[in-house]
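Below: one structure, written as structure tokens.
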Amino acid sequence: MPRVAVLMPARDAAATVRAAAVSILRQSERDLALVCVDDGSRDGTAEILERLAARDRRVVVVRGPGEGIAGALNRGLAACDAELVARMDADDVAHPARLALQRVALEADPSLAATGSRVRLFPRRILRPGMLRYAAWLNGLTTPDELHRDLFVEAPLVHPATTIRRAALAAAGGWRDGDFPEDYDLWLRLHAAGGRLANVPRTLLAWREAPARATRTDPRYALARHVALKCHHLARGPLAGRREVAVWGAGETGKTFADALLREGVRVALFVEVDRNKIGRQIRGAPVIGYGEVARARGLPLLVAVGAPGARALIRTELERAGFEELADYRCVC
């Protein structure tokens with residue numbers, strides 16, 4: 001049994017899959033298996049993987065019918081005979097020390113269900129501000145406490161940069177297929193089951209940006225689906241048993257959260273705003289108050305749902321000044 005099984009699905013990735021696979025086979029952690037799932041490729045992906053398997057017995061090729069990412073991952077997981085399962089994508093490049101450092105981190109802290117790492121986006125010429133902000137935010141989260149605090153802001157682990165305990169993954173039921181981002185759903189389920197998450201404070205993955213990546217083209221990764229997924233897990237976790245909340249932010253983001261929460265049986269009783277044009281109005285049946293009156297939200301869970309760049313830090317400062325304690329009194333959800 002290898003110490004680490006690396007699970008890499010691939011579909012029509014002939015241009016990049018060999019470099020991705022070689023970056024795994026050249027890891028300083030030599031005791032590994034590379035489980036490659038060819039998910040119905042129509043280019044030369046399958047042939048490239050078969051040639052790699054013929055040269056290196058650590059490579060296992062699994063054929064899939066083109067069932068999509070969650071199905072391909074679960075199909076490959078059945079061939080991962082190791083205590084640790086590392087994810088890899090067919091267009092990224094792993095740092096040579098990635099698996100060794102993540103294995104050491106998991107061995108040092110039995111409470112961790114999974115650990116990711118910092119990432120470097122490439123190629124620079126096509127990087128967009130939104131992805132750069134996301135990477136900068138994620139790279140600033142390393143400890144379990146930091147990831148716990150920001151768990152509902154966005155996915156705090158990069159999927160292909162993550163190594164997961166096989167037992168925790170099996171207990172969670174593997175990856176779920178649905179109208180939501182399968183990776184974020186897994187992190188939320190692992191955390192809900194009591195597993196902690198962390199990021200190794202090293203840049204261990206070159207993460208490829210591309211205009212056609214699924215996060216841009218697949219409706220499962222749209223903002224509304226992220227919000228619906230967050231509200232589903234919030235209602236069963238931090239908001240369990242609560243039927244009313246307050247929301248800081250009465251713009252489009254706040255209203256999207258209000259609608260999604262209502263579908264989970266949770267009503268927004270109060271909105272908090274800085275925009276004078278909204279204060280005093282009713283939105284989704286709830287009054288909008290100014291941030292200077294935020295004390296009126298005491299007694300209700302307060303969700304911070306403002307998506308503007310830089311707003312989260314300013315709102316945290318204002319709430320701390322008003323005596324609100326993060327996680328105990330409020331939680332940032334975007």
Side-chain angles (χ1 to χ4, degrees), residues 121 127-143 145-158 181 184 187-188 199 215-216 221-231 233-234 237-239 244-262 266 268-284 286-298 300-334:
L121 288 164
L127 299 182
R128 300 183 183 184
M131 280 300 292
L132 289 169
R133 284 195 299 271
Y134 171 71
W137 167 77
L138 180 135
N139 287 340
L141 305 177
T142 57
T143 70
D145 286 345
E146 289 169 339
L147 271 74
H148 174 61
R149 181 198 65 189
D150 277 9
L151 181 65
F152 286 94
V153 171
E154 180 53 280
L157 301 174
V158 169
Y184 196 10
W187 313 146
L188 291 167
N199 280 312
T215 51
R216 300 197 184 286
Y221 301 99
L223 175 61
R225 300 315 310 155
H226 273 82
V227 171
L229 180 68
K230 292 177 188 181
C231 290
H233 285 278
L234 281 165
L239 299 181
E244 291 188 333
V245 298
V247 171
W248 186 309
E252 291 306 312
T253 301
K255 288 187 283 188
T256 301
F257 269 94
D259 295 341
L261 285 166
L262 191 59
V266 180
V268 175
L270 191 70
F271 284 99
V272 181
E273 254 296 339
V274 299
D275 186 346
R276 294 179 180 177
N277 293 323
K278 297 183 180 121
I279 295 169
R281 295 171 52 192
Q282 293 266 328
I283 292 180
R284 298 297 193 267
V288 182
I289 65 171
Y291 69 94
E293 300 178 87
V294 70
R296 289 174 56 184
R298 286 201 177 278
L300 291 172
L302 175 60
L303 304 179
V304 176
V306 180
R312 192 185 314 123
L314 294 173
I315 294 171
R316 276 178 167 147
T317 299
E318 188 62 35
L319 286 171
E320 288 171 8
R321 185 180 295 120
F324 283 71
E325 183 179 347
E326 191 158 12
L327 299 187
D329 301 314
Y330 77 94
R331 180 180 293 269
C332 294
V333 294
C334 70

Residues in side chain to side chain contact (heavy atoms under 4.5 Å, CB included) contact with Gln282, at least two apart in sequence or another chain = Pro287

Check ion pair Glu252-Lys255 (N to O, under 4.0 angstrom) = yes

Partners of Phe324 by ring pair (Phe, Tyr, Trp, His ring centres under 6.0 Å), sequence neighbours excluded?
-> none

CZ/Arg149 to CG/Leu327 distance, rounded to the nearest 0.5 angstrom?
-> 8.5 Å

Validation row: Leu303, Val268 side chains within 4.5 angstrom (heavy atoms) | no

Check whether any side-chain N or O of Lys230 sits under 3.5 Å from a backbone N or O of Val153 as a donor-acceptor pair, and report yes or no.
-> yes

Side chain to side chain contact (heavy atoms under 4.5 Å, CB included) against Leu314, all qualifying residues, sequence neighbours excluded | none

What heavy-atom pair brings Met131 and Leu121 nearest, and what distance separates the two atoms?
-> O-CD1, 3.5 Å

Counterpart residues, salt bridge (Lys or Arg N to Asp or Glu O under 4.0 Å), relative to Glu293 (two or more places apart) | Arg296

Find out whether Leu223 and Thr256 are in side-chain contact, i.e. whether some heavy atom of one side chain is under 4.5 Å from a heavy atom of the other.
-> no

Side chains of Leu188 and Leu151: does their closest heavy-atom pair fall under 4.5 Å?
-> yes

Apply side chain to side chain contact (heavy atoms under 4.5 Å, CB included) to the pair Leu239 and Leu261, showing each step before the final yes or no.
-> CA-CA 10 Å; Leu239 299 181; Leu261 285 166; 4.0 Å; yes

Could you check if a side-chain atom of Val272 sits within less than 4.5 angstrom of a side-chain atom of Ile289, using non-hydrogen atoms only?
-> yes

What is the minimum heavy-atom distance between Leu138 and Ala155, and which atoms define it?
-> CD1-O, 3.8 Å

Of all the heavy-atom pairs spanning Val306 and Gly249, show the shortest one and how long it is.
-> CG2-CA, 3.8 Å

What pairs with Ile279 under side chain to side chain contact (heavy atoms under 4.5 Å, CB included), at least two apart in sequence or on another chain?
-> Glu273

Taking only residues at least two apart or on different chains, which pairs with a member in residues 301-320 satisfy side-chain hydrogen bond (donor to acceptor under 3.5 Å, both in side chains)?
-> Asp150-Arg316, Arg316-Glu326, Glu318-Arg321

CG (Asn139) and OH (Tyr134) are apart, to the nearest 0.5 Å, by 9.5 Å

With Asp259 via side chain to side chain donor-acceptor pair (under 3.5 Å) - residues at least two apart | Arg284

Shortest non-hydrogen separation from Ala260 to Val227 and the atoms involved = CB-CG1, 3.9 Å

For His226, all residues meeting side chain to side chain donor-acceptor pair (under 3.5 Å), sequence neighbours excluded | none

Atom CD1 of Ile315 and atom SG of Cys332: how far apart are they, to the nearest 0.5 Å?
-> 7.0 Å

Could you pull out all residues at least two apart from Trp187 that satisfy ring pair (Phe, Tyr, Trp, His ring centres under 6.0 Å)?
-> His159

What is the minimum heavy-atom distance between Ala305 and Val247, and which atoms define it?
-> CB-CG1, 4.0 Å

Can you name the residues that form a side chain to side chain contact (heavy atoms under 4.5 Å, CB included) with Ala224, not counting sequence neighbours?
-> none

Does Asn199 reach the main-chain N or O of Pro156 with its side chain, forming a donor-acceptor pair under 3.5 Å?
-> yes

Could you pull out all residues at least two apart from Arg225 that satisfy side chain to side chain donor-acceptor pair (under 3.5 Å)?
-> Asp179

To the nearest 0.5 Å, what is the distance between CG (Leu319) and OH (Tyr291)?
-> 12.0 Å

Using the test side chain to side chain donor-acceptor pair (under 3.5 Å), find all partners of Thr253 that sit at least two apart in sequence or belong to another chain.
-> none

Considering non-hydrogen atoms only, spot the tightest contact between Ala322 and Arg298 and give its length.
-> O-NH2, 3.0 Å

May I ask you to test the Val294-Leu302 pair for a side-chain heavy-atom distance under 4.5 Å?
-> yes

